[in-house]
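Here's the structure, in structure tokens; my notes come after.
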Amino acid sequence: MNEQTKLELEAAAFRRLVSHLQERTDVQNIDMMNLTGFCRNCLSKWYLAAAEEKGEVMDYGQAREIVYGMPYDEWKAKHQLEATAEQKAAFEESKPAHD
């Protein structure tokens with residue numbers, strides 16, 4: 001496979017992941033962190049870092065809007081639930097893996 005095709009496939013997979021996460025608003029970030037070690041916010045930070053590496057001017061809020069499909073505060077108000085004690089405990093237990 002040539003590099004251009006690889007790049008296009010990776011971009012398509014990224015767009016599909018972002019679309020899937022935008023559709024699955026029932027999946028809470030804390031659950032993603034507890035199960036996978038990353039969440040929408042992590043993906044936003046990775047996107048921002050990649051943009052900065054390419055010399056693009058962007059801030060974290062803009063990167064979040066790309067991943068969430070709307071401003072973060074709007075997404076949070078519509079979809080984010082208060083974390084349960086169990087979710088918080090699991091997060092604290094796995095926190096070293098998230099650094």
Side-chain angles (χ1 to χ4, degrees):
M1 175 182 315
N2 68 46
E3 285 302 309
Q4 184 60 36
T5 299
K6 181 181 176 195
L7 181 67
E8 290 170 7
L9 295 175
E10 290 169 347
F14 172 80
R15 287 189 300 270
R16 180 69 180 116
L17 172 62
V18 168
S19 175
H20 181 76
L21 292 174
Q22 289 174 357
E23 291 169 12
R24 290 298 310 269
T25 57
D26 60 310
V27 178
Q28 298 294 298
N29 282 334
I30 195 163
D31 291 325
M32 291 177 64
M33 287 296 290
N34 290 341
L35 293 172
T36 67
F38 84 100
C39 69
R40 292 170 184 90
N41 291 325
C42 298
L43 193 56
S44 300
K45 290 175 185 175
W46 300 339
Y47 191 94
L48 176 59
E52 289 173 344
E53 284 178 17
K54 291 290 189 181
E56 294 295 323
V57 177
M58 175 181 288
D59 64 29
Y60 183 46
Q62 291 169 312
R64 274 180 154 178
E65 192 163 339
I66 289 166
V67 171
Y68 283 91
M70 64 184 72
Y72 175 69
D73 288 340
E74 182 180 333
W75 189 92
K76 188 176 173 181
K78 287 182 177 181
H79 306 294
Q80 186 167 310
L81 304 175
E82 181 66 32
T84 66
E86 293 82 11
Q87 288 170 317
K88 291 176 184 178
F91 179 77
E92 287 303 319
E93 187 174 305
S94 66
K95 199 172 187 177
H98 303 151
D99 293 337

Glu82 and Lys88, any side-chain heavy atoms less than 4.5 Å apart: yes
Nearest heavy-atom neighbours spanning Arg40 and Arg24: NH2-O, 2.9 Å
Any donor-acceptor pair under 3.5 Å from Glu92 side chain to Ala89 backbone: no
Shared hydrophobic cluster for Val67 and Phe38 (ILVMFWY, side-chain gaps under 4.5 Å): yes
same_hphob_cluster(Phe14, Tyr60) at 4.5 Å side-chain heavy-atom cutoff: yes
Glu52/Lys45 salt bridge by N-O under 4.0 Å criterion: no
Side chain Gln80, main chain Asp73, donor-acceptor under 3.5 Å: no
Exercise: identify the closest heavy-atom pair between Ser44 and Ala63: O-CB, 3.4 Å
Leu9 reachable from Leu17 in the ILVMFWY side-chain graph, under 4.5 Å edges: no
Tyr72 and Trp75 aromatic ring geometry - parallel, tilted or perpendicular at 30°/60° bounds: parallel
4.5 Å side-chain heavy-atom contact, Lys76 and Asn29: no
Leu43 side, atom CG; Leu48 side, atom CG - distance, nearest 0.5 Å: 11.5 Å
Check: Leu81 main-chain N/O paired with Gln28 side-chain donor or acceptor under 3.5 Å: yes
Within-4.5 Å side-chain heavy-atom neighbours: Gln4 and Leu7: yes
Least distance between heavy atoms, Ala51 atom then Met58 atom: CB-SD, 4.1 Å
Single-linkage hydrophobic cluster, 4.5 Å side-chain cutoff, Ile66 and Val27 together: yes
Shortest non-hydrogen contact from Val57 toward Gln62: O-OE1, 4.4 Å
Point-to-point distance, once rounded to the nearest 0.5 Å, from CD of Gln22 to OG1 of Thr25: 10.5 Å
Residue Tyr68 excluded, over 12 heavy atoms near OH under 6.0 Å: yes
